[in-house]
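In what follows, chains are A, B, ... by sequence order, proteins preceding strands, each numbered from 1.
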Protein chains: 2
Amino acid sequence: MDKTLLKLKALADRNRFRIFGALTQYEELCACQITELLQVSGATVSRHLGILVTAGLVKSRKESRWVYFALDEGCDEMDNILDWLLPRLRLSDQIQADLEVLDGIMAVSREDLCRQQRGEACCPVQKKEKADG
Amino acid sequence: MDKTLLKLKALADRNRFRIFGALTQYEELCACQITELLQVSGATVSRHLGILVTAGLVKSRKESRWVYFALDEGCDEMDNILDWLLPRLRLSDQIQADLEVLDGIMAVSREDLCRQQRGEACCPVQKKEKADG
DNA sequence: TATATAATTAGTTGTATAGCTAATTATATA
DNA sequence: TATATAATTAGCTATACAACTAATTATATA
C-alpha cells in the first residue's frame, strides 16, 4: 500500500494515536508500560505496536524478555510529521491525560507493573488512579 | 472526538486520500468530477466529501445545482499538514495517476460528464481511458 | 533441564464503515 | 407549474478491523 496512506491509517486509531503521543514524551517505553496506559490486553497492544512499526513510525528494541518501543525518526522524515502532530498532541485532552497517567506508571518498576497486570497485586498499589494527593 | 484524530481518520481512507490529493492540484472540483475520478457511485463520493468537510479539511460552495469542493486552508493551519503531505502526494503512484486522469476529466464539460455518468453517452467519448494518443 | 514470564501470534466475535441502490432535496428549465 | 437533474440522505450488505482469550515463542532463572 501507499506508504503515506499506511502511516495515516496507522495513526488514525485512538489507541495507536495515544501510543504515538506517549512516545513523543518518553525516549522509549516498554510494551507492558503501554499496556498499563491503554488498559487493554497485552495482545491488543502488541498488534497495535506492530501496525505502527510496519508503518515506519515506531521502532522496537529487544532486551532480554522486555521489548522497548520508540519513535522511528531515523527511517523517514519523521520530524516533518511531528511538526504537524506535536502542537496538536499538546492540545489533545486525551494525550494530556495520558501523560499524567504515564507519570505514575513510570514510577512503578516494570516487574511490579507486570505482576499487577497478571492479577498478583503484591503491594498496596491496588488502585491505579492517583490517590488524590 | 479529538479534532486531530478526526482529520487523521478522514485522510486514512484511500478514496478520501485521493480526493484530497486531487484538491491539492485544482483550485476546486465539482462533485461529479470527483465521482468520475474515483469511479464509484455519486452517493459514496458525497459521503466521503461530507467526512472531509466535517474534519475541517475541505470546504464546499454551492452554485445553482452544482457543488464545488476545495481545500479548507482557512479553517485550520492546513499549510502545516500540507508541508508533510504535499511531498508525499507527489511520490504516490496513485495520486500521480489520478492527476493524469483528472487532466482528461477537466477537458470534458460537467454537463457531458454527468450525462455519461447516467449512461446517456452522447458523444463518441465511450471509453474513459485515454485513447492511447 | 524444567518452570516462569514478557511478548507475539492464532482464532474468534462484535462493531464500524465503505460501498451499493432507492428515495429525497434543492435548483433550474420546459 | 410540472419535469429534469445534481447532490444528499436513508437503508442495506459485505468487509475490515479492534478487542478478547488461548496458544505459542523466546528468554531468564530455579
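Distance CZ (B:F69) to C1' (D:dA7): 8 Å, rounded to an integer number of Å. Here C:dA4 presents its C1' atom at 12 Å from CZ of A:R115, a figure rounded to the nearest Å. Between the C1' atom of C:dG19 and the CZ atom of B:R14 lies a distance of 16 Å, rounded to the nearest Å. The distance between atom CG of B:L49 and atom C1' of C:dT17, rounded to the nearest whole Å, is 16 Å. Between the P atom of C:dA18 and the CZ atom of B:F17 lies a distance of 15 Å, rounded to the nearest Å. Computed from coordinates, the A:W66 CH2 to C:dA4 P distance equals 17 Å when rounded to whole Å. Rounding to whole angstrom units, CD of residue A:E111 and P of C:dA7 are separated by 10 Å.
Counting only heavy atoms from C-beta outward, the side chains of A:W84 and B:L82 never approach each other to under 4.5 Å. For the pair A:K59 and A:F69, the minimum side-chain heavy-atom distance is 4.5 Å or more.
For B:D103, the side chain to side chain donor-acceptor pair (under 3.5 Å) partners at least two apart in sequence or on another chain are B:Y26. Qualifying side-chain contact (heavy atoms from CB on, under 4.5 Å) partners for B:S109, counting only residues two or more places apart in sequence or in other chains: B:E111, B:D112.
Within the structure, side-chain hydrogen bond (donor to acceptor under 3.5 Å, both in side chains) pairs that include any residue of residues 42-54 of chain A comprise A:R16-A:H48, A:S41-A:T44 (at least two apart or interchain). Among residues at least two apart or in separate chains, salt bridge (charged side-chain N to carboxylate O under 4.0 Å, His left out) pairs with a member in residues 18-29 of chain B are B:R18-B:D98, B:E28-B:R61.
For the pair A:Q116 (side chain) and A:L113 (backbone), a donor-acceptor distance under 3.5 Å is absent. Using a distance-only test at 3.5 Å, with no hydrogens or angles considered, a donor-acceptor pair links the side chain of B:Q33 to the main chain of B:C30. In this structure, B:Q117 contributes its side chain and B:C32 its backbone to a donor-acceptor pair below 3.5 Å.
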- Summarise how protein sits on nucleotides 17-29 of chain D as a single string, 5' to 3': B when a protein heavy atom is under 4.0 Å from the base, S for sugar-phosphate-only contact, - for no contact. -BBBBB---SBS-

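Among the atoms of the strands shown, none is found under 4.0 Å from any heavy atom of A:Y68.
Counting only Watson-Crick and G-U wobble pairs whose two key distances fall under 3.5 Å, DNA chain C forms stems of three or more stacked pairs at C:1-30 with D:1-30.
The side chain of A:R110 contributes no N or O atom lying less than 4.0 Å from OP1 or OP2 of C:dA6.
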